[in-house]
Amino acid sequence: MNNTSFFFDERCFWHSTGLHVVTLPVGGWVQPPSGAAHAENPETKRRLKNLLDVSGLSAHLRHASAAPASEADLLRVHDQRYLARFKDLSDNGGGMLGDEAPLGPGSYEIACLSAGLACAAVESVLTGDCVNAYSLGRPPGHHCLPDTPMGFCFLANIAIAIERAKAIMNVGKIAVVDWDVHHGNGTQHIFYQRGDVLTISLHQDGCFPAGYGGETDTGVGEGDGANINIPLMAGAGHDAWLYAFDRIVMPALTRFKPDLIIVACGYDASAMDPLGRMLLHSESYRSMTSKIQLAARELCAGRLVMVHEGGYSEAYVPFCGLAVMEQLCGFKTEVTDPLLSFIEQQQPRDTFNRVQCALIDELAHALKL
């Protein structure tokens, strides 16, 4: 049995976000771009895949594509009128579907493929075809609401994969750990009243959605206690993020006892990202992956799925992603992170860490962890 499956399709790189500079539409006072334009462009993901190949790590992975998510899969999460509006705009050349949601011709079908990759990754782990899996899809999904796109996201990839797995495989409890620098608001919204899906989001306080932290939002009804938000101060680095894992994430997973763990795997909390103000490095992602693997082994026979979300530094996302993939499959390449020592020198001082850790302790106490 292959230990790690890697789900990928070149067509996901063909999703177009139009003419932008980072996130600003070109026009008026905004000049045309000189490089890759919109922040959510193919290069970060393509360069990650390239580094897996040239480093030799790809030889240690089971590679696969997948069928697009079906209409039935989408309708378990999304409103039919929204899907029709999305497809109509995609069929007619693209445009802006909502706030921070630009798309091009064919983006509907590509988004369905991105969701399908996440579905296949989940199914491969649940069937025992592999122990863990990584889905490198695009566009991302964790901000998308049932009837509204948001933050570059058009379909709620992880939620679609969860609902499909529950419908056809009768899986029980699933935990979602979102370490993207931005709050996983779409996933939270979809499962906020559910007790069978634990949603945990570590994110930069107030970053996106703008002004949101969410530490008091813990779910309602049957979902009371099944939603956890860990807003971290801008500038938080390696030690603070790992402390949050040890103090809140790991105990929460142990208390919940999931049958499967899914990670919303964004790399935009790295020190090099243009859309976040955090100080993580590649070894931070390796360490977080190791901790999640340990929880998965102890709680759910190792069943773990990583679904790629954000991360907008073309130069640095590949090194963070490679560290995650090396940890997942247990093979270390000869690649060294050329920015690791530079970022390590930028880590917060002890005074900052004491304040941040005290806030984490306070939140853990409120959550009875």
Side-chain angles (χ1 to χ4, degrees), residues 5-20 25 36-46 48-49 63-124 133-165 167-168 186-187 190 262 264-265 305-311:
S5 289
F6 184 76
F7 289 86
F8 155 82
D9 196 295
E10 169 67 24
R11 288 171 293 175
C12 285
F13 294 164
W14 293 22
H15 162 58
S16 172
T17 46
L19 197 57
H20 288 70
H38 195 280
E40 206 294 290
N41 68 75
E43 287 310 301
T44 55
K45 292 84 177 172
R46 179 173 282 130
L48 169 55
K49 175 62 167 57
H63 290 259
S65 182
S70 68
E71 184 177 20
D73 294 331
L74 304 185
L75 288 172
R76 295 188 188 99
V77 173
H78 290 289
D79 178 78
Q80 191 164 33
R81 289 169 297 182
Y82 165 64
L83 296 175
R85 186 160 52 96
F86 178 16
K87 189 173 191 314
D88 181 67
L89 187 59
S90 172
D91 288 346
N92 287 280
M96 289 293 289
L97 188 59
D99 292 340
E100 294 297 348
L103 65 127
S107 285
Y108 179 86
E109 287 75 18
I110 297 172
C112 291
L113 176 57
S114 184
L117 293 172
C119 290
V122 168
E123 185 171 345
S124 71
Y134 193 104
S135 171
L136 181 62
R138 177 178 177 267
H142 74 144
H143 293 307
C144 191
L145 302 170
D147 59 356
T148 307
M150 191 174 182
F152 321 149
C153 302
F154 300 93
L155 297 175
N157 299 331
I158 289 174
I160 291 166
I162 288 173
E163 295 293 59
R164 182 175 185 274
I168 70 173
T187 314
I190 291 164
I262 301 175
C265 188
V305 175
M306 319 290 269
V307 177
H308 196 107
E309 291 287 352

### Query
When you look at Ser90 and Leu103, which way does the side chain to side chain contact (heavy atoms under 4.5 Å, CB included) test go after all the steps?
CA-CA 7 Å; Ser90 172; Leu103 65 127; 3.8 Å; yes
### Query
Is there a donor-acceptor contact under 3.5 Å from the side chain of Ser135 to the main chain of Phe7?
no
### Message
Is there a side-chain contact between Ile110 and Asp9 in this structure, where contact means two heavy atoms from C-beta onward sitting under 4.5 Å apart?
### Response
no
### Query
Excluding sequence neighbours, so at least two apart, what forms side chain to side chain donor-acceptor pair (under 3.5 Å) with Glu123?
Arg164
### Query
In chain order, what residues pass the side chain to side chain donor-acceptor pair (under 3.5 Å) check against Thr44, with sequence neighbours excluded?
none
### Task
Apply side chain to side chain contact (heavy atoms under 4.5 Å, CB included) to Ser70 and Asp73, showing your working.
CA-CA 5 Å; Ser70 68; Asp73 294 331; 3.0 Å; yes
### Message
Working note: His15 + Ser107, criterion side chain to side chain contact (heavy atoms under 4.5 Å, CB included); need CA distance, chi angles, decisive distance, verdict.
### Response
CA-CA 5 Å; His15 162 58; Ser107 285; 2.8 Å; yes
### His308 and Leu117, any side-chain heavy atoms less than 4.5 Å apart
no
### Criterion side-chain contact (heavy atoms from CB on, under 4.5 Å) against Pro146, the qualifying member of Asp79, Leu75, Ile190
Ile190
### Task
Anything under 30° is parallel, anything over 60° is perpendicular, the rest tilted; go ahead and classify Phe6 against Tyr134.
parallel
### Query
So which heavy atom on Ala101 is nearest to which on Pro149, and how close?
CB-CB, 3.8 Å
### Query
Between Thr17 and Pro102, which heavy-atom pair has the shortest distance, and what is it?
O-CB, 3.4 Å
### Task
Determine the minimum heavy-atom distance between Cys12 and Gly137, stating which atoms define it.
SG-CA, 4.2 Å
### Query
Side-chain contact, heavy-atom cut-off 4.5 Å: His143 with Glu309?
no
### Message
My understanding is that only residues two or more places apart in sequence, or in another chain, count here; which of them pass salt bridge (charged side-chain N to carboxylate O under 4.0 Å, His left out) with Asp88?
### Response
none
### Task
Give a yes or no on whether the backbone of Glu40 and the side-chain of Arg138 come within a donor-acceptor separation of less than 3.5 Å.
yes
### Task
Write down the atom of Ala115, the atom of Ile160, and the distance for their closest heavy-atom approach.
CB-CD1, 4.1 Å
### Message
If the condition is ring-ring contact (aromatic ring centres under 6.0 Å, His included), which residues does Phe86 pass it with, not counting sequence neighbours?
### Response
Tyr108, Phe154
### Task
Find the distance between NE2 (His78) and CG (Leu83) and round it off to the nearest 0.5 Å.
6.5 Å
#### Entry: Listed partners of Asp147 passing salt bridge (charged side-chain N to carboxylate O under 4.0 Å, His left out), at least two apart
none
### Intermediate values then yes/no, side chain to side chain contact (heavy atoms under 4.5 Å, CB included), Val307 and His142
CA-CA 10 Å; Val307 177; His142 74 144; over 6 Å; no
### Summary
Heavy-atom closest pair (Leu74 atom, Ala69 atom, distance to 0.1 Å) is CD2-CB, 3.8 Å
### Task
Taking side chain to side chain donor-acceptor pair (under 3.5 Å) as the test, write out the residues that go with Arg46, two or more places apart.
Glu10, Glu43
### Query
Looking at Val122 and Ala165, what are the two nearest heavy atoms and their distance?
CG1-CB, 3.9 Å
